[in-house]
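Worksheet for the structure shown next.
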Amino acid sequence: MLEPYTQGGRLQLQVTPFSDETSSFICAAVIHKAFTPFTKCQVLCVEIEDAPVRAGLPNPLIAKIFDPRLNYERKNPFPRRSPIHWSAANEKAAADRRAFATGDDFRIPRWEREFLDGSLWEEIYYREYEASFAREIEAYRCLGHLQGSPIPQLYGSGRVISGHGEGRAISPRALFMEYIPGENLATIQDPHSVPSSAYQELVKAVSTLASFGVIHADMRPDNIVSSTVTLDEWYSSILG
C-alpha cells in the first residue's frame, strides 16, 4: 500500500478559496513531488484534477498539510525517552474524547508528559497543529497585500478528506499556495552563484514582515528558494 503524501499518490481535498471563504468544494489532486524530509508539516506540489475553473486555482500549486501523524518530534518527544508512535486506535480515542468533552481546558505540564498514554499524546499533537494552522492563517491575513511578492500567494485553505492513510479519525488542515519554481539554498553547491541581489531581497522581505508584526520562525537555507519569481516564506508566525 502506498504511503501517504508520496509522489504519485492521490488526495481528495476540501478547498475553501481565500477570495470567498463562504464557499468550498471537493476536488481530487495528484502529488507530483513531496518536499522531504518532512518536519512539522508536509509540503507537496500537487495538481488539482477536477477543480471548477471558477475557483481560479493554478496548476500546479503547493499543498501544505498539517498532519500530526508525521510530526518529526515523535522520534524524540521531550521529556520522554522513547518515541511516540502513531496508531489509528490512539488517534480515534483522542478524537472520541474531544467529541464528548465539555469546555476546552486541556493543559498538561511538560514534566507530566513522560507518563501520558498514546491517546493523550495524539491530543497534544492535534492541538499543536490546530494552533499552528491558525497562526499561519492569521499571518497571511495580516500580510494580504504582500502576497505574491515577498511571500507566496495564498489561494485557500481546507482539509485532506482522503489519501492520508487508512483508518484516520481526523481530516488534517491544509493551505493551498503559490508554487515557486527554483532551488533552495541548502541544495546549491556554490552559494556564490546566487546573485547578491537575491540576498538583499531576502533581507528586505524579512524587514518588511517584521514591520507588520510578523516574524519568520524557521529561517534556514532549506526554507529559502532562489527564484526569479519570489522568495519562499513557509513558516511565518504571528507576534503576540
Side-chain angles (χ1 to χ4, degrees), residues 1-72 86 88 91-92 95 126 129-130 132-134 136-137 139-141 144 147-149 151-184 187 222-223 225 227-236:
M1 183 177 63
L2 189 67
E3 288 295 314
Y5 311 126
T6 56
Q7 184 173 343
R10 303 177 70 84
L11 302 172
Q12 187 177 38
L13 305 171
Q14 177 258 319
V15 181
T16 300
F18 201 56
S19 58
D20 181 12
E21 297 184 75
T22 62
S23 64
S24 63
F25 58 88
I26 305 295
C27 63
V30 61
I31 301 172
H32 284 314
K33 182 179 181 180
F35 294 90
T36 56
F38 297 141
T39 52
K40 279 263 187 178
C41 294
Q42 302 77 45
V43 180
L44 314 171
C45 178
V46 304
E47 182 168 345
I48 305 295
E49 293 189 317
D50 56 358
V53 175
R54 65 179 182 273
L57 292 178
N59 271 327
L61 53 75
I62 291 294
K64 181 175 180 180
I65 314 297
F66 292 73
D67 190 343
R69 174 179 178 177
L70 300 180
N71 186 352
Y72 75 113
W86 177 88
E91 185 176 87
K92 183 177 185 304
Y126 173 83
Y129 273 65
E130 288 288 291
S132 178
F133 173 83
E136 189 147 345
I137 281 285
Y140 269 102
R141 293 191 195 281
Q147 293 182 32
S149 181
I151 63 173
Q153 182 75 35
L154 179 66
Y155 298 115
S157 62
R159 292 182 181 273
V160 181
I161 305 301
S162 67
H164 56 304
E166 295 183 1
R168 301 301 302 272
I170 65 171
S171 296
R173 302 270 192 179
L175 293 176
F176 307 105
M177 61 186 72
E178 178 183 5
Y179 169 61
I180 304 171
E183 188 175 7
N184 73 56
T187 63
D222 306 68
N223 288 335
V225 171
S227 171
T228 57
V229 181
T230 183
L231 291 168
D232 170 32
E233 295 284 342
W234 293 121
Y235 298 95
S236 294

Could you tell me whether the side chain of E49 reaches within less than 4.5 Å of the side chain of V30, counting heavy atoms only? yes

Does anything in residues 18-28 form a salt bridge (charged side-chain N to carboxylate O under 4.0 Å, His left out)? List the pairs, not counting sequence neighbours. E21-R141

Are P68 and Y129 packed together at the side-chain level, in the sense that at least one heavy-atom pair is separated by less than 4.5 angstrom? yes

Are P17 and F25 side-chain neighbours, meaning at least one heavy-atom pair lies under 4.5 Å? yes

Measure the shortest side-chain to side-chain distance between L44 and K33 over non-hydrogen atoms and say whether it is less than 4.5 angstrom. no

Just wondering, do R173 and E130 contact through their side chains at under 4.5 Å, heavy atoms? yes

May I ask you to decide if S171's main-chain N or O and R159's side chain share a donor-acceptor pair within less than 3.5 Å? yes

Does the side chain of Y5 come under 3.5 Å of the side chain of D67 through a donor N or O and an acceptor N or O? yes

With a 4.5 Å heavy-atom cut-off, do F133 and S157 have their side chains touching? yes

When you measure from the side chain of Q147 to the backbone of L154, do you find a donor-acceptor pair of N or O atoms at a distance under 3.5 Å? yes

Please examine the side chains of I65 and F38, heavy atoms only from C-beta on, and report whether any two atoms are closer than 4.5 Å. no

Please give me the minimum heavy-atom distance between L61 and Y179, naming the atom from each residue. CA-CB, 4.0 Å

Could you walk me through whether L13 and V160 pass side-chain contact (heavy atoms from CB on, under 4.5 Å), step by step? CA-CA 5 Å; L13 305 171; V160 181; 4.0 Å; yes

Worked verdict on E136 versus K64 for salt bridge (Lys or Arg N to Asp or Glu O under 4.0 Å): CA-CA 11 Å; E136 189 147 345; K64 181 175 180 180; 2.8 Å; yes

Taking atom OG1 of T36 and atom CD of Q42, what is their separation to the nearest 0.5 Å? 11.5 Å

Point-to-point distance, once rounded to the nearest 0.5 Å, from CG of N71 to NZ of K40: 5.0 Å

Side chains of H32 and V46: does their closest heavy-atom pair fall under 4.5 Å? no

